[in-house]
2 protein chains.
Amino acid sequence: MHKVRECHNCNDCEIKSPLFQHLSNEDLEIMNRERFVVRYQPGELLFKQGSSYTHVIVLITGLLKCTIESAARDLLLNVAKPVEVITGPGLFTDLKHHYSASALTHVEACCIPLNHLKEVFRRNPAFAEDVSREIDARRLFSFQRLVTLTQKHVHGRVAEALLYFSNHIYESQAFQLDISRQELADLCSVTKESAIRVLKELKDEGLIVIEGNNIEIIDYQMIEKISNLG
Amino acid sequence: MHKVRECHNCNDCEIKSPLFQHLSNEDLEIMNRERFVVRYQPGELLFKQGSSYTHVIVLITGLLKCTIESAARDLLLNVAKPVEVITGPGLFTDLKHHYSASALTHVEACCIPLNHLKEVFRRNPAFAEDVSREIDARRLFSFQRLVTLTQKHVHGRVAEALLYFSNHIYESQAFQLDISRQELADLCSVTKESAIRVLKELKDEGLIVIEGNNIEIIDYQMIEKISNLG
DNA sequence: TGCTTTTATTGATATAAATCAATAAAAAAA
DNA sequence: TTTTTTTATTGATTTATATCAATAAAAGCA
């Protein structure tokens with residue numbers, strides 16, 4: 001069974017996000033007020049696109065997926081892993097979530113009321129700058145997605161997705177995917193059939209090995225090349 | 001000829017961006033230090049993707065286009081009009097520009113050194129929050145682009161582009177486009193031939209009137225419907 | 001355990017949009 | 001002005017990817 005973390009005080013927190021690294025004890029005290037931890041089962045929704053943005057979530061354990069939902073089909077924006085502070089758009093504008101987040105695995109999330117985070121934002125300019133840096137970096141990420149999704153062909157997109165999981169999520173050339181084929185397809189903004197076909201081709205060419213959700217990148221250079229050439 | 005604005009002091013500035021509305025005289029004094037105005041001819045580059053982010057540009061006069069350049073083809077991210085503070089990604093991260101900006105018309109740009117803007121950011125929490133709001137809103141904009149460009153068909157994208165110009169840039173159902181067909185295509189991430197074909201179809205169906213770069217939206221409802229249904 | 005439902009895979013076909021190609025119009029230069 | 005260059009337009013063709021359809025495998029449930 002999953003071990004429940006003891007998590008009473010932000011000052012003693014061993015898994016503090018880099019974003020909170022430079023906060024004073026007093027700042028952390030503010031963050032700690034009304035903070036709480038929630039555990040989710042795989043598949044469960046942490047927050048839904050369109051709902052009120054009341055807490056900032058820090059992902060402590062597990063993986064979650066962030067999905068922009070639209071009439072036509074879902075777009076899987078990114079996968080988040082610990083320790084990540086989930087700062088979506090809406091945080092400083094309309095206080096609504098603009099994507100949905102749901103658990104891919106068992107997840108522990110630390111929930112900090114937005115007004116406390118903003119209180120620290122106002123009293124600590126260095127933190128304000130860190131938060132801006134965070135938002136800035138995420139905006140940059142969506143720029144990259146924009147280029148990838150508008151300019152690469154299915155092969156390039158799927159190859160890029162494999163590199164994304166290998167480099168950023170699982171940090172290994174062999175990994176067990178926590179998402180379905182459909183979700184992989186949503187990440188690449190293609191149909192699941194197309195995503196599967198590309199996987200099969202990469203497999204047939206000996207560039208990757210697949211068994212169910214276990215994937216190993218064999219020819220990393222080639223996958224990188226396919227990703228880059230689109 | 002173009003009248004040159006007298007622009008010596010931010011305190012007296014009549015065309016101040018909402019972003020600077022809540023600054024004290026002292027804050028404005030800081031912004032004003034080493035601030036300068038540059039005029040550009042149509043087609044000229046204000047800054048290039050990959051170059052150093054040294055100044056924040058406030059667009060005072062004219063229109064400019066922001067383009068993400070990539071190996072395959074350009075993606076026209078947005079068109080900016082006065083009075084807009086151009087806050088691209090990189091501002092709080094790597095201090096590089098991540099898109100290129102160039103003048104579509106005659107342009108006057110007010111250039112504020114980044115370190116002065118950041119100085120005010122640090123001393124004035126309300127301004128810091130305003131800046132974050134700005135970045136947040138822009139991130140939201142790129143979310144919308146992401147959805148549009150991945151999910152709408154060419155008809156929907158071109159229709160949306162027409163609404164974009166009508167609602168946000170020219171604020172009229174009739175307008176003279178300051179961009180070429182190729183640039184319109186880059187905005188929609190389609191080929192210019194496809195963009196032209198859609199324009200022709202919309203024209204043939206009597207939904208718009210086109211003569212060269214003069215466009216008038218006749219059946220606004222229908223264009224909106226096409227934009228929404230993709 | 002077998003039964004049901006969901007997810008994955010593969011093939012055949014359709015289609016949206018790109019590419020290629022040629023001409024026309026407009027803008028810039030001589 | 002005429003010439004040259006760039007931009008716009010239209011048609012014919014190709015192609016990448018979606019859609020449709022059918023089966024297989026896996027997962028959840030009785």
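A note on names: the letters A, B, ... follow the listed sequences, proteins ahead of strands, and every chain is numbered from 1.
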Visitor: Output a table of donor-acceptor pairs, distance under 3.5 Å, between side-chain atoms of residues 183-191 of chain A and any protein atom two or more places apart or on a different chain; print 'none' if there are none.
Guide:
unit_1, atom_1, unit_2, atom_2, d
A:Glu183, OE1, A:Ser180, N, 2.8
A:Glu183, OE1, A:Ser180, OG, 3.4
A:Glu183, OE2, A:Lys65, NZ, 2.8
A:Asp186, OD1, A:Gln182, NE2, 3.1
A:Thr191, OG1, A:Ser194, N, 3.3
A:Thr191, OG1, A:Ser194, OG, 3.1

Visitor: Is the closest side-chain donor-acceptor distance between A:Asp74 and A:Tyr99 under 3.5 Å?
Guide: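 A:Asp74 vs A:Tyr99: no donor-acceptor pair found between side chains.
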Visitor: Under the ring-ring contact (aromatic ring centres under 6.0 Å, His included) test, which residues partner B:His97, sequence neighbours left out?
Guide: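 So B:His97 forms a ring-ring contact (aromatic ring centres under 6.0 Å, His included) with B:Phe47, B:Tyr53.
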Visitor: Considering only nitrogen or oxygen atoms on both sides, find all protein atoms under 3.5 Å from nucleotides 7-10 of chain D and state each distance.
Guide:
unit_1, atom_1, unit_2, atom_2, d
D:dA8, OP1, B:Arg181, N, 3.2
D:dA8, OP2, B:Arg181, N, 3.3
D:dT9, OP1, B:Arg181, NH2, 3.4
D:dT9, OP2, B:Arg181, NE, 2.6

Visitor: Hey, what bend do you get for the helix from C:dG2-D:dC29 to C:dA30-D:dT1 if you fit axes on five pairs at each end, rounded to 10°?
Guide: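 Answer rounded to 10°: the end axes differ by 50°.
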Visitor: Just the rounded figure in Å: distance from P of C:dA16 to CD of B:Glu201.
Guide: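 Taking atom P of C:dA16 as the reference, CD of B:Glu201 is at 11 Å.
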Visitor: Determine whether the side chains of B:Thr87 and B:Arg138 contain a donor N or O and an acceptor N or O closer than 3.5 Å.
Guide: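 Short answer, yes.
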Visitor: For residues 149-156 of chain B, which residues have at least one heavy atom under 4.0 Å from DNA chain C?
Guide: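 Contacts with DNA chain C under 4.0 Å: B:His153, B:Val154.
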Visitor: Please give, in whole Å, the distance from D:dA26 C1' to A:Leu177 CG?
Guide: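 Distance, rounded to whole Å: 16 Å.
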Visitor: Charged N to carboxylate O under 4.0 angstrom, A:Glu211 versus A:Lys203?
Guide: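 The answer is no: the pair does not qualify as a salt bridge.
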Visitor: Check the side chains of A:Glu108 and A:Thr61 for a donor-acceptor pair under 3.5 angstrom, ignoring hydrogens and angles.
Guide: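 A pair is found: one side chain offers a donor N or O, the other an acceptor, under 3.5 Å apart.
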Visitor: Just checking, is any N or O donor in the side chain of B:Ser142 or A:Ser142 under 3.5 Å from an acceptor N or O on the other one?
Guide: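 Yes - a donor-acceptor pair under 3.5 Å links their side chains.
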Visitor: Taking only residues two or more places apart in sequence or in another chain, which ones pass ring-ring contact (aromatic ring centres under 6.0 Å, His included) with A:Phe36?
Guide: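 Per chain and number, A:Phe36 pairs via ring-ring contact (aromatic ring centres under 6.0 Å, His included) with A:His55.
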Visitor: Is a donor from one side chain sitting under 3.5 angstrom from an acceptor on the other, for B:Ser166 and B:Gln173?
Guide: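 The answer is no; no qualifying pair exists.
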Visitor: For the residue pair A:Val147 and B:Ser70, what are the closest heavy atoms and their distance?
Guide: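 Taking every non-hydrogen atom into account, CG1-CB, 3.9 Å.
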